[in-house]
Amino acid sequence: MEQPAGQYVAYTFYRIDPAWRRLPVEERAAHKDAFAEVVEDWSGRMEGLKAYSTTGVRPDADFFLWKITERYEDLGELGTALNGTPLAGWLETPYSYLATTKPSQYTSARKARKIVPRGKPYLVVYPFVKTRPWYSLPLEQRQAAMDEHIRIGAEFPSIQNHTTYSFGIDDQEFMTAFECEEPADFMHLMLTLRETEASSYTERDTPIFVGQLVEIRAALDALDGAAARVTS
């Protein structure tokens with residue numbers, strides 16, 4: 001039986017040059033319109049393309065795009081299209097992560113779980129790397145540690161896990177993304193997981209980003225406060 005194609009999952013973070021805010025309002029609006037039009041057009045071409053705002057939370061990123069596609073070339077073509085907009089000249093990309101799907105070796109699933117955003121209001125994203133000694137443990141010990149990990153995760157049903165794999169295609173080993181109703185819910189989950197055996201084999205799980213799900217135009221309006229501006 002032919003296996004379904006896997007998915008590529010990418011996260012691209014953007015930070016606006018503060019000098020952009022000194023441009024005339026009309027020019028800024030045109031920049032935002034052009035960028036948003038590209039994202040809106042590509043939203044109909046990819047399996048998933050969602051915008052999340054981090055404005056006012058992280059000093060190193062203002063918003064990010066969560067991209068899901070079965071076609072790797074889509075990522076480059078979307079990036080090229082966005083680079084062709086005037087706003088791109090004012091944006092930095094301080095972080096960009098790439099991952100793909102595969103079946104987990106710690107569950108009975110034989111096929112990669114399809115990444116389908118649930119539309120929850122917040123998404124917590126971070127790269128994850130385990131220590132090398134983890135991979136030297138007997139499979140039975142790793143399985144027991146992950147069984148504990150999975151059991152605790154099931155105690156937080158409001159949080160949806162979207163773990164993907166980056167071995168050999170990016171600097172991290174995993175990209176972890178969790179949709180949740182409230183960021184504090186995820187904090188309680190992570191605090192509980194700190195006490196597990198698997199957690200002791202974590203080498204790196206930062207930087208961590210909490211994004212609020214918004215339409216792309218709302219994410220861009222937050223860059224210059226247009227969403228909060230009241231006109232008389």
Side-chain angles (χ1 to χ4, degrees), residues 1-13 46-50 52 61 64-79 93-118 120 122-154 156 159-180 186 189-190 193-194 196-211:
M1 181 178 177
E2 184 178 355
Q3 296 293 317
Q7 295 169 300
Y8 290 100
V9 181
Y11 305 87
T12 304
F13 293 78
M46 302 175 77
E47 291 180 80
L49 178 56
K50 294 188 176 295
Y52 291 83
F64 66 89
L65 298 178
W66 183 14
K67 298 172 279 189
I68 306 168
T69 180
E70 292 184 0
R71 184 174 175 269
Y72 177 79
E73 290 79 7
D74 282 347
L75 303 176
E77 291 172 10
L78 171 57
T93 53
Y95 305 98
S96 184
Y97 302 105
L98 173 66
T100 188
T101 56
K102 81 170 190 66
S104 170
Q105 69 183 100
Y106 302 112
T107 69
S108 60
R110 292 295 175 262
K111 297 180 181 179
R113 185 176 63 183
K114 195 175 184 67
I115 303 297
V116 179
R118 302 295 178 87
K120 291 180 181 288
Y122 297 97
L123 184 70
V124 182
V125 180
Y126 60 93
F128 187 82
V129 178
K130 286 185 174 294
T131 63
R132 288 301 175 92
W134 167 261
Y135 299 101
S136 299
L137 295 176
L139 179 58
E140 295 78 8
Q141 186 174 348
R142 281 184 283 151
Q143 183 68 62
M146 291 307 299
D147 286 346
E148 178 189 27
H149 204 79
I150 293 168
R151 176 183 58 77
I152 290 175
F156 294 81
I159 298 175
Q160 178 65 41
N161 177 16
H162 299 289
T163 295
T164 48
Y165 302 83
S166 299
F167 293 91
I169 59 174
D170 209 341
D171 296 341
Q172 66 281 342
E173 295 175 351
F174 307 88
M175 275 309 297
T176 49
F178 297 83
E179 288 185 272
C180 58
F186 185 70
L189 169 59
M190 290 299 289
L193 289 175
R194 283 291 189 271
T196 65
E197 179 183 3
S199 180
S200 65
Y201 290 93
T202 298
E203 178 176 308
R204 177 169 59 89
D205 57 359
T206 57
I208 296 177
F209 306 89
V210 179

Derivation of the side chain to side chain contact (heavy atoms under 4.5 Å, CB included) call for Met46 and Leu78: CA-CA 10 Å; Met46 302 175 77; Leu78 171 57; 3.9 Å; yes
Go through Glu173 and Tyr135 one step at a time and tell me if the side chain to side chain contact (heavy atoms under 4.5 Å, CB included) criterion holds. CA-CA 12 Å; Glu173 295 175 351; Tyr135 299 101; 2.5 Å; yes
Please test Tyr126 against Met190 for side chain to side chain contact (heavy atoms under 4.5 Å, CB included), starting from the C-alpha separation and ending with a verdict. CA-CA 12 Å; Tyr126 60 93; Met190 290 299 289; 3.6 Å; yes
Checking Ile152 against Thr196 for the side chain to side chain contact (heavy atoms under 4.5 Å, CB included) test, could you report, in this order, the C-alpha distance in whole Å, the side-chain angles of both residues, the deciding distance, and whether it holds? CA-CA 9 Å; Ile152 290 175; Thr196 65; 3.3 Å; yes
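Proximity of Phe13 to Tyr52: side-chain heavy atoms (C-beta onward) are nowhere separated by under 4.5 Å. In this structure, Val124 and Cys180 have side chains that are in contact, with non-hydrogen atoms separated by less than 4.5 Å. You'll find the side chain of Met175 reaches within 4.5 Å of the side chain of Val125, heavy atoms only. A heavy-atom distance below 4.5 Å is not found between the side chains of Trp134 and Thr202. Contact of the Ser199 side chain with the Leu193 side chain is not registered, since no non-hydrogen atoms from C-beta on lie closer than 4.5 Å. Within the 4.5 Å cutoff, side-chain heavy atoms of Leu75 are placed close to those of Lys67. Residues Phe174 and Phe167 are in side-chain contact: their nearest non-hydrogen atoms beyond the backbone lie under 4.5 Å apart.
In this structure, CG in Leu189 is found 8.5 Å from CG in Asn161, a value given to the nearest 0.5 Å. For the atom pair OG1 of Thr176 and CD1 of Ile208, the computed distance is 7.5 Å after rounding to the nearest 0.5 Å. With rounding to the nearest 0.5 angstrom, the CE atom of Met146 is 11.5 Å from the CG atom of Leu139. Atom NZ of Lys130 is separated from atom OG of Ser200 by 8.5 Å, given to the nearest 0.5 angstrom.
A pairwise comparison of heavy atoms in Ser166 and Ala99 identifies OG-CB, 3.3 Å as the closest pair. Between Ile115 and Thr163, the shortest heavy-atom contact is CD1-O, 4.5 Å. In this structure, Thr101 and Gly6 approach most closely via the heavy-atom pair OG1-CA, 3.6 Å.
Although no hydrogens or angles enter the test, the distance criterion places no donor-acceptor pair under 3.5 Å between the side chain of Arg204 and the main chain of Phe128. Between the side chain of Thr164 and the backbone N or O of Val9, no donor-acceptor pair lies under 3.5 Å. Distance alone, capped at 3.5 Å, places no donor-acceptor pair between the Asp170 side chain and the Gln172 backbone. A donor-acceptor pair under 3.5 Å is absent between the side-chain atoms of Glu179 and the main chain of Gln160, judged by distance alone. A distance-only check finds a donor-acceptor pair linking the side chain of Thr100 to the backbone of Gln7 [under 3.5 Å].
The side-chain hydrogen bond (donor to acceptor under 3.5 Å, both in side chains) test with Glu197 is passed by exactly one of Gln141, Arg142, His149: Gln141. Checked options Tyr97, Tyr72, Trp66; the residue passing with Tyr8 is Tyr72 (criterion: ring-ring contact (aromatic ring centres under 6.0 Å, His included)). Screening Phe209, Phe64, Tyr11 for a side chain to side chain contact (heavy atoms under 4.5 Å, CB included) involving Tyr95 leaves a single residue, Phe209.
Ion pairing between a basic and an acidic side chain is recognised when a charged N comes within 4.0 Å of a carboxylate O; Glu47 and Lys114 show such pairing. Salt-bridge formation is not detected for the pair Arg132/Glu203: no Lys NZ or Arg NE/NH1/NH2 atom is positioned less than 4.0 Å from an Asp or Glu carboxylate oxygen.
Remark: Lys102 qualifies as a cation-pi partner of Tyr165 under the 6.0 Å distance and 45° angle criteria applied to the six-membered ring.
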